[in-house]
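Values reported hereafter were calculated over all heavy atoms of this structure, with side chains retained and with hydrogens, waters and symmetry mates removed. To find a chain, count down the sequence lines: A is the first, B the second, and so on, and within it residues start at 1.
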Amino acid sequence: MKEAKAAELSFEADSPEATLLRRRLMSWYKEHARDLPWRGVDDPYRTWVSEVMLQQTRVVAVIDHYEQFLKKFPTLVALALAPESSVLAAWSGLGYYRRARMLHKAAKFILRERGGVLPMTSAELRTLPGVGDYTSAAIASIAFGESIAVVDGNVERVLLRVTGRDEEGTAAGKTFVQMQAAALVPKKKMTETSNAAGDHNQAMMELGATLCLPRTPLCLQCPLYSLCQTRGEHITPKRKSQRSLPAAYLLSLRKRGTLTEVLLERRANDASLMPGMYELPALPQDGVEGREPMLRLRHSITNTNYYVQVFAPRGPQDQALRRAIPAAKNDLFWIRTNRLQQQPLTGLTRKVLQRLDVMEVAPLRMPEDE
DNA sequence: AACCCGTGGTC
DNA sequence: TGACCAAGGGT
């Protein structure tokens with residue numbers, strides 16, 4: 001005897017059901033789309049930057065970096081001509097630093113091989129480093145109006161729920177979602193005033209990001225409620241368990257005339273995590289017993305929650321902390337605090353230095369904008 | 001295919 | 001506190 005199975009739905013291109021979903025989705029999107037800095041920009045370079053930043057990264061974190069990054073690198077050529085360290089510096093705090101390296105590498109390639117003009121098709125975009133299936137489709141549809149479906153984590157969740165499939169994470173589920181997304185994306189060409197495919201793709205993602213949430217979907221507000229087979233049921237795969245670890249760092253400052261310098265350590269180039277980036281020197285846990293930290297904070301890296309303490313020498317003659325750091329290290333540098341914005345700092349180091357007012361927090365807007 | 005790469009808000 | 005996880009890509 002067969003087990004009872006939930007109803008399933010499958011969309012055919014150009015079917016009445018597909019048309020209905022598109023219409024409901026778009027009319028909802030027109031009213032509820034968030035006003036994000038990269039929405040409505042008419043510059044493929046900016047779309048590219050925003051899409052790379054958004055890979056596995058929360059919108060709020062991207063908002064914090066997007067404007068600063070584009071102020072520093074306003075054009076593809078500006079990015080291509082910049083040193084990699086300054087690109088990493090602008091990326092500091094966003095994580096997945098390989099994205100910044102690949103973005104920079106791709107910009108240099110485009111300047112050298114294509115006269116600085118970004119490719120206009122998903123197929124060509126797909127060949128760039130750091131541009132995969134998702135990002136190539138996103139840029140091609142949003143910036144150039146190509147009728148190609150975007151599939152990200154949001155789209156996958158929305159479509160599995162709407163259709164009632166229970167194949168999360170499987171290869172068959174991936175294929176099914178890709179087919180469904182392709183059947184739903186409008187074929188209409190971009191015009192002067194409208195971009196059907198780009199808007200549809202953004203609307204699918206917007207629905208997943210704001211209503212069709214992983215844990216607690218807001219089904220009663222959903223424009224697809226009457227079409228939806230599950231109305232919220234959704235199984236997610238188990239993830240690796242988290243762990244917690246203590247960590248201690250040294251904050252060492254010195255004066256050079258009117259300037260202040262801070263001691264930083266450069267991570268090894270062959271480190272798997274954040275290679276070549278600068279951070280406060282780490283202190284062994286047993287070297288800080290009984291001392292009072294000047295700052296405590298939590299910092300999460302992948303599957304680890306670090307409970308971080310930052311220590312500073314109590315005076316010029318307090319050598320105990322300095323001695324805790326092996327003297328033989330040749331990767332220690334005194335960095336002027338007014339140059340920290342130009343340094344590729346790890347996210348934790350940037351956060352600590354900003355929190356302790358050693359490093360200025362770059363303003364999001366200029367004062368004259370107020 | 002499975003694993004690795006960063007981060008921080010939230011509950 | 002520990003756990004969850006977000007507009008993925010590369011290997």
Side-chain angles (χ1 to χ4, degrees), chain A residues 33-34 36-39 47-66 88 91-103 105-106 125-139 141-143 149-158 168-174 181 198 200-210 212-216 234 236-246 267 271-277 279 296-308 344-352 354-355:
Chain A
R34 290 168 293 177
L36 302 173
W38 48 90
R39 290 251 164 94
T47 303
W48 176 33
V49 170
S50 73
E51 289 302 339
V52 173
M53 284 188 173
L54 284 162
Q55 290 167 5
Q56 291 288 288
T57 306
R58 290 208 148 82
V59 164
V60 285
V62 175
I63 290 174
D64 282 347
H65 287 80
Y66 177 79
L88 287 170
W91 207 269
S92 174
L94 265 179
Y96 290 132
Y97 296 99
R98 199 173 41 166
R99 293 182 295 174
R101 293 192 160 98
M102 291 188 294
L103 183 72
K105 191 176 170 190
L125 288 161
R126 180 69 179 78
T127 67
L128 298 171
V131 178
D133 291 338
Y134 163 77
T135 307
S136 57
I139 300 170
S141 65
I142 295 169
V150 155
V151 178
D152 73 334
N154 288 312
V155 175
E156 182 180 349
R157 187 172 59 254
V158 168
E168 167 103 9
T170 69
K174 274 279 193 197
H200 169 88
N201 283 334
Q202 292 190 78
M204 289 289 291
M205 294 189 280
E206 189 83 352
L207 188 71
T210 63
C212 198
L213 304 169
R215 312 264 204 97
T216 52
H234 185 63
T236 58
K238 286 208 197 318
R239 9 190 84 253
K240 270 205 239 173
S241 61
Q242 301 275 120
R243 60 182 179 150
S244 293
L245 289 177
R267 295 177 63 83
S272 68
L273 203 64
M274 301 176 278
M277 299 194 62
E279 62 187 353
R296 295 176 205 271
L297 51 84
R298 190 197 70 144
H299 190 71
S300 307
I301 299 291
T302 62
N303 292 313
T304 308
N305 285 329
Y306 289 99
Y307 289 88
V308 176
L345 307 177
T346 69
L348 171 59
T349 297
R350 176 171 166 273
K351 190 162 68 175
V352 167
Q354 289 184 342
R355 194 90 52 105

Span that lies between the P atom of B:dT10 and that of C:dA7, in whole angstrom: 16 Å
Side-chain N or O of A:K351 closer than 4.0 Å to phosphate OP1/OP2 of B:dG8: yes
Along DNA chain C (nearest heavy atom to each residue), the more 5'-positioned of A:P129 and A:A209: A:A209
Nearest listed nucleotide, side chain of A:I301, among B:dG6, C:dG2, C:dG9: B:dG6
Whether over 12 other heavy atoms sit under 6.0 Å from A:R243 CZ: no
d(CG, A:D133; P, C:dA7) in whole Å: 17 Å
Euclidean distance, atom CD of residue A:E51 to atom C1' of C:dA6 [Å, nearest integer]: 13 Å
Touch class at under 4.0 angstrom, heavy-atom based, for A:Y97 against every strand present: sugar-phosphate
Residue A:R126, side-chain heavy atoms: nucleotide from C:dG10, B:dT10, B:dA1 that is nearest: C:dG10
Touch class at under 4.0 angstrom, heavy-atom based, for A:L213 against every strand present: nothing
A:T57 side chain to A:R99 side chain, donor-acceptor N/O pair below 3.5 angstrom: yes
Sugar-phosphate, base or nothing in reach of A:W38, heavy atoms under 4.0 Å: base
Any side-chain heavy-atom pair of A:R98 and A:P275 under 4.5 Å: no
Touch class at under 4.0 angstrom, heavy-atom based, for A:G208 against every strand present: nothing
Separation of B:dG8 C1' from A:Y307 OH (nearest whole Å): 12 Å
Rounded interatomic separation in angstrom, taking NE2 from A:H65 and C1' from C:dA7: 17 Å
Sugar-phosphate only, base, or nothing, as touched by A:M53 at under 4.0 Å among non-hydrogen atoms: nothing
Sugar-phosphate only, base, or nothing, as touched by A:T135 at under 4.0 Å among non-hydrogen atoms: sugar-phosphate
A:R101 CZ - C:dT11 P separation (whole Å): 14 Å
Nearest-Å distance for atom pair CZ/C1', residues A:R298 and B:dT7: 9 Å
A:T47 side chain to A:S50 side chain, donor-acceptor N/O pair below 3.5 angstrom: no
Side-chain donor/acceptor of A:N305 to base of C:dA3, under 3.5 Å: yes
Donor/acceptor link under 3.5 angstrom from A:R58 side chain onto base of C:dC5: yes
Sugar-phosphate, base or nothing in reach of A:R34, heavy atoms under 4.0 Å: base
Check: A:Y96 main-chain N/O paired with A:Q55 side-chain donor or acceptor under 3.5 Å: no
Where A:G130 and A:T135 come nearest, the two heavy atoms and their spacing: O-OG1, 4.4 Å
Side-chain N or O of A:T346 closer than 4.0 Å to phosphate OP1/OP2 of B:dG6: no
Nucleotide of B:dG6, C:dA7, B:dG9 approaching A:S300 most closely (side-chain heavy atoms): B:dG9
Per A:L54 side chain, nearest of listed nucleotides C:dC5, C:dA7, C:dG8: C:dA7
Base B:dG6 to side chain A:R99, donor-acceptor N/O within 3.5 Å cut-off: no
Closest to the A:R98 side chain, choosing from C:dG9, C:dC4, C:dA7: C:dG9
OP1 or OP2 of B:dG6 under 4.0 Å from side-chain N/O of A:H299: no
Length of the CG-P vector between A:N303 and B:dC3, whole Å: 12 Å
A:Q55 side chain near C:dG8 phosphate (N/O to OP1/OP2, under 4.0 Å): no
Presence of salt bridge, A:E206 and A:R39, under 4.0 angstrom: yes
Phosphate OP1/OP2 of C:dG10: any A:Y96 side-chain N/O under 4.0 Å: no
Sugar-phosphate, base or nothing in reach of A:R39, heavy atoms under 4.0 Å: base
Inter-nucleotide C1' distance (B:dG6, C:dC4), Å rounded: 15 Å
Touch class at under 4.0 angstrom, heavy-atom based, for A:V131 against every strand present: sugar-phosphate
Whole-Å distance separating the CG atom of A:L88 from the C1' atom of B:dC5: 14 Å
Nearest listed nucleotide, side chain of A:L273, among C:dG10, B:dG6, C:dG8: B:dG6
OP1 or OP2 of B:dT7 under 4.0 Å from side-chain N/O of A:T57: no
A:E51 side chain to A:Y134 side chain, donor-acceptor N/O pair below 3.5 angstrom: yes
